[in-house]
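Report on one structure; see the data block that follows.
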Amino acid sequence: MKKAGLLYEGKAKKLFKTDDEDVLWVEYLDQATALNGLRKDIVVGKGALNNQITSLLFQKLKDEGIESHFIEKLSETEQSVKSVKIVPLEVVVRNIAAGSFSKRLSVEEGTELAFPIVEFYYKEDQLDDPFINEDHIKVLGLADDTDIAEIKKLALRVNQVLSKLFDDVGIQLVDYKLEFGRTKEGKILLADEISPDTCRLWDKETKAHLDKDVYRRDLGELVPVYQEVLTRLKK
Ligand code: 5GP
C-alpha cells in the first residue's frame, strides 16, 4: 500500500489517501491544542504515544468483538484505517463527574455517576461543538433513530471493555469522547482515536491526571504521563 495525497489536516492528526480507495493513512502529530485550537504547542513524542495507545486499544476492542476503522499500526506515528464518512458527532461517555459535566450541573469532580451516561455534541468547530440531544441530531439530519441506537449501544460496550482494561492497570476511566463513521455499505463503525487526548484517566490510588487535562490545566509535563499510560497498558 502506498501513501497518496493529503486529505485532511486536523489538530492532532493528518489524514492521507492511499492507492486503495477503501484505506486511509493516519499520521499522529506532535501537536497539542486546547480551547478549540486557540492554544497550540509542539509536544515532541506525543504523536508516537497516541498512535501506540490508540492502536493498542482498538486491537483490544477488536479482541472483544468491537470492530473499528483501525487496520494496523504502520510505524511509530502512523496507522492505516478503513475509509469511513465521519458522523459529525462527538459521543461522550461519562462514568465519573468531571469537566464540562461538573461545571454545567455543579456536581463535584470525582462524584461517581449511578450509571454511565452518553452525551452528544455537534462536531462543528465554528459553533464550539455544542451539546445537542437526539431530536437535534435527527432534525439536523446527522443520524437517524437506528444509527443513534447503534452508536449508543457501541459506546456503552466500549465502556465495559475499556473500564475493565484500565481498572486492571490501576486507572479509572472517568470519561471519554468517541467518534463514529459510516462505511460505504452504510455500517456504523467506531473511528478516530482513543488516547489520553480523548479520555480522562485518573490514577486509581492518587487520582493523578494521566491525560490531556495535564496540558489543559497546566499541571505538568504531558509526555511522561502519556508514557505511563502506555507502559501500564502494555503490562
Ligand atoms: P468535557 O465535555 O468534560 O470537556 O469532555 C468530556 C470528555 O470528552 C473528556 O475526556 C475529553 O477529553 C473528551 N472530549 C470532549 N470534546 C473533545 C474534543 O473536542 N477533543 C478531544 N481531544 N477530546 C474531547
Side-chain angles (χ1 to χ4, degrees), residues 8-15 26-41 43 46-47 49-51 53-54 57-58 68 86-113 116-133 136-137 142 151-152 154-156 158-159 161-163 165-167 171-181 190-203 207-219 222-223 225-226 229:
Y8 169 80
E9 179 160 1
K11 293 181 201 117
K13 296 188 287 295
K14 277 184 182 170
L15 200 56
V26 184
E27 183 188 343
Y28 282 72
L29 307 174
D30 281 344
Q31 197 161 279
T33 63
L35 306 168
N36 200 5
L38 278 179
R39 188 173 153 216
K40 203 191 242 184
D41 289 287
V43 181
K46 174 175 170 283
L49 285 163
N50 277 350
N51 181 43
I53 294 169
T54 294
L57 292 176
F58 277 146
S68 74
I86 292 289
V87 178
L89 289 175
E90 297 198 337
V91 181
V92 169
V93 180
R94 299 182 189 272
N95 296 303
I96 296 172
S100 70
F101 177 91
S102 289
K103 219 175 189 175
R104 197 174 59 243
L105 302 174
S106 191
V107 178
E108 195 182 346
E109 281 209 326
T111 307
E112 262 196 56
L113 305 177
I117 59 173
V118 180
E119 297 176 346
F120 297 107
Y121 295 81
Y122 182 23
K123 192 172 146 64
E124 179 56 73
D125 277 348
Q126 285 187 338
L127 300 175
D128 267 342
D129 303 339
F131 187 53
I132 58 174
N133 68 22
H136 294 130
I137 294 172
L142 309 179
I151 286 171
K152 277 173 89 168
L154 286 170
L156 290 170
V158 168
N159 197 48
V161 175
L162 293 191
S163 292
L165 196 82
F166 280 114
D167 187 67
I171 294 175
Q172 284 181 315
L173 178 59
V174 173
D175 57 31
Y176 55 93
K177 184 259 302 179
L178 300 177
E179 293 186 24
F180 293 86
L190 178 62
D192 195 49
E193 68 175 285
I194 307 180
S195 72
D197 264 14
T198 61
C199 302
R200 277 199 179 91
L201 305 168
W202 293 351
D203 182 275
K207 309 292 175 195
H209 295 266
L210 303 174
D211 57 56
K212 197 175 158 188
D213 276 350
V214 166
Y215 173 77
R216 294 188 190 104
R217 300 180 186 189
D218 254 327
L219 300 173
L222 186 147
V223 164
V225 160
Y226 283 30
V229 172

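For ligands, and for the atoms within them, numbers begin at 1 and follow the listed sequence.
If you check which protein heavy atom lies closest to atom 21 (C) of ligand 1, you get Asp197 O, 3.7 Å. The nearest protein atom to atom 17 (C) of ligand 1, hydrogens excluded, is given as Glu90 OE1, 3.7 Å; this is a heavy-atom distance. Closest to atom 1 (P) of ligand 1, if we only count protein heavy atoms, is Ser100 OG, 3.4 Å. Nearest protein neighbour of atom 9 (C) of ligand 1, counting heavy atoms only, is Asp175 OD1, 3.2 Å. At the shortest separation from atom 8 (O) of ligand 1 among protein heavy atoms lies Lys177 CB, 3.5 Å.
Applying the 4.0 Å criterion to heavy atoms of Arg94 picks out, from ligand 1, the atoms 1 (P), 2 (O), 3 (O), 6 (C). Near Gly99, the atoms of ligand 1 lying under 4.0 angstrom from a non-hydrogen atom of the residue are 3 (O). Under a 4.0 Å criterion applied to the non-hydrogen atoms of Tyr176, ligand 1 contributes the atoms 8 (O), 10 (O). For ligand 1 and Thr198, the ligand atoms under 4.0 Å from any heavy atom of the residue are 10 (O), 12 (O), 13 (C), 22 (N), 23 (N).
Residues forming a ring pair (Phe, Tyr, Trp, His ring centres under 6.0 Å) with Tyr8 (at least two apart in sequence, or on another chain): none.
Taking a 4.0 Å cut-off on heavy atoms, Glu119 fails to register as neighbouring ligand 1.
Checked for salt-bridge contact, Lys13 and Glu179 miss the test: no charged N lies under 4.0 Å from a carboxylate O. Classification of Asp175 and Arg200 as a salt-bridged pair holds, one side-chain N sitting under 4.0 Å from a carboxylate O. Using a 4.0 Å cut-off between charged nitrogen and carboxylate oxygen, Lys152 and Glu119 do not count as a salt-bridge pair.
Under 4.0 angstrom from ligand 1, the non-hydrogen atoms of Cys199 all belong to its backbone.
Tested against Asp197 for a side-chain contact (heavy atoms from CB on, under 4.5 Å), the candidates Leu49, Thr33, Asn50 yield a single pass: Asn50.
More than 12 heavy atoms of other residues, nucleotides or ligands lie within 6.0 Å of NZ in Lys11, so this atom counts as buried by the packing criterion.
No N or O atom of Lys212 sits closer than 3.5 Å to an N or O atom of ligand 1.
Contact detail for Val87 and Leu142: the closest heavy-atom pair is CG1-O, 3.8 Å.
Of the N and O atoms on the side chains of Arg94 and Ser100, at least one donor lies less than 3.5 Å from an acceptor on the other residue.
Side-chain contact between Tyr122 and Ile137 is absent, with no heavy atoms from C-beta onward closer than 4.5 Å.
The heavy atom nearest to atom 12 (O) of ligand 1, considering only Arg104, Glu109, Arg216, Arg200, is found in Arg216.
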